[in-house]
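Notes follow the structure.
Note that the structure is a prediction, hence the values are computed from the model and not measured. Letters A, B, ... mirror the listed sequences (proteins, then strands); counts begin at 1.
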2 protein chains.
Amino acid sequence: MFQAIADPTRRSLLQLLVDQEIPVKDIAGHYPMSRTAVSKHLRILSEAGLVVERKVGRETRYRLDPEPLLELKRWLAYYERYWENRLQALKRLVEADESVHPRGE
Amino acid sequence: MFQAIADPTRRSLLQLLVDQEIPVKDIAGHYPMSRTAVSKHLRILSEAGLVVERKVGRETRYRLDPEPLLELKRWLAYYERYWENRLQALKRLVEADESVHPRGE
DNA sequence: AAATTATGAAACCATTTGGTTTCACTTATT
DNA sequence: AATAAGTGAAACCAAATGGTTTCATAATTT
C-alpha cells in the first residue's frame, strides 16, 4: 500500500478515479505514457486494493476503493500526537513570550 | 516524502526515533543490515525532513520530526470523505436489512 | 465472416533502489 | 603521540521499477 501510493502517477490515478468508473483506454488518455504503462500502474493499485476493476464487454473499468487508506490513517494517527505535542510546545512558547511582550505594546 | 515512507525499514526508523535522539551506531544496532545501509536510510529520511540530525562530538544523533507528515494528513483527508460515504452507504444497507429482519428475530 | 477495438501478457531496457565493502576523516581515549 | 571509535563518501552489485514495443485474444461493429 505504501509502495502503491509512493508513485506520483498512481496517486494521480487515484484522484482521477475518485467517483467515476473509467475504462482503461479513457484513463490512459490523461497520461503522456503508453496505455500499457497505465495498465501496469492500475494493476499495482488493484493489488493494493486501492482500485476495483470490472469487466464490461471488451473494456475493463476501474474505480477507486479508498478502504485500504484506513491503514494509512491509522499509521498516521500514531505520529499525530507527536506533532501535536510540538505544536503545543510552540504555542506555550509564544504565550510565554506574550506575557513578557503583551500584544499591542 | 511518499517515497521516504514507502520503505519498511525507514518506517521502522521513524518509530524508533519517535521521542529519542539516538546516535547512528545505536540505531544500526537494531537492524540486520550494515551501519552504512542504515546511514543511507537516515539520509533519505533527513532529506524528506522526517528526521533531524545533530552532531555531538564524533557521533551524529537523529530524532523524528513528524512535521512533513502533515502533508500526508492533508492528502489523506481528501479521500477520507469517500470512504466515509462508503461506510454510510453500508450502514444504510444494514439498517434497511434490519427493517426486514429485525434484530432478535 | 471480416475488420476493428480494448486489453493484458511478454520480452526487453535504462534507471533507481537497497544493500555491500573499503577507505578517509574527525573526535575521543589511553 | 598513538590508537580506537563513529561516521560518511565512493565504488560496486543484484534486484526492483517504470517505461517501451510487439503479439495474442476476446468482444464489437460492419
Report the distance from atom [atom1] of [X] to atom [atom2] of [N], rounded to the nearest whole Å.
X       : N      : atom1 : atom2 : result
A/Ile27 : C/dT5  : CD1   : P     : 20 Å
A/Met33 : C/dT7  : CE    : C1'   : 17 Å
B/Arg35 : C/dC23 : CZ    : P     : 14 Å
B/Leu42 : D/dA9  : CG    : P     : 12 Å
A/Glu53 : C/dT7  : CD    : P     : 11 Å
B/Arg43 : D/dA9  : CZ    : C1'   : 9 Å
B/Ile5  : C/dT17 : CD1   : P     : 15 Å

Minimum-distance nucleotide to B/Lys25 side chain [options: C/dT20, D/dT7, D/dT28]: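 Nearest nucleotide to the side chain: D/dT7.
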Residue A/Arg58, side-chain atoms from C-beta onward, closest of D/dG19, C/dT4, D/dG6: C/dT4
Side chain A/Lys40 and base D/dG19 donor-acceptor under 3.5 Å: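 Indeed, a donor on one side and an acceptor on the other fall under 3.5 Å apart.
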Check: A/Arg10 side chain, D/dG18 base, donor-acceptor under 3.5 Å: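 Under the 3.5 Å cut-off, the side chain and the base do not form any donor-acceptor pair.
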Is there a side-chain polar atom (N or O) of [X] under 4.0 Å from OP1 or OP2 of [N]?
X       : N      : value
B/Tyr31 : C/dG18 : no
A/His41 : D/dG19 : yes
B/Ser34 : C/dT20 : yes
B/Arg61 : D/dG6  : no
B/Tyr62 : D/dG8  : yes

Test item: B/Tyr62 and B/Arg54 side chains (from C-beta on) under 4.5 Å apart, heavy atoms: no
Note, A/Asp65 side chain near A/Leu50 side chain (heavy atom, < 4.5 Å):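 Side chain of A/Asp65 against side chain of A/Leu50, heavy atoms only: no contact under 4.5 Å found.
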Most 5' of A/Gln3 and A/Asp26 on DNA chain C, judged by nearest nucleotide: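 Checking each residue's closest nucleotide, the 5'-ward one belongs to A/Asp26.
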Check: B/Leu13 main-chain N/O paired with B/Tyr31 side-chain donor or acceptor under 3.5 Å: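 Indeed, once roles are kept as given, a pair shorter than 3.5 Å links the two residues.
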How is [X] classified with respect to the nucleic acid when contacts are heavy atoms under 4.0 Å: base, sugar-phosphate, or nothing?
X       : result
A/Ser39 : sugar-phosphate
B/Thr60 : sugar-phosphate
B/Lys55 : nothing

Spacing of CD belonging to A/Glu80 relative to NZ belonging to A/Lys73, to within rounding of 0.5 Å: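 Answer for the CD-NZ pair, A/Glu80 versus A/Lys73, is 6.5 Å.
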5' precedence on DNA chain D between A/Asp7 and A/Glu59 (nearest-nucleotide basis):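 Of the two residues, A/Asp7 wins.
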Closest contact, heavy atoms only, A/Tyr79 versus B/Arg11: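 Taking every non-hydrogen atom into account, OH-O, 3.8 Å.
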Ion pair check, A/Glu53 and A/Lys55, cut-off under 4.0 Å: no
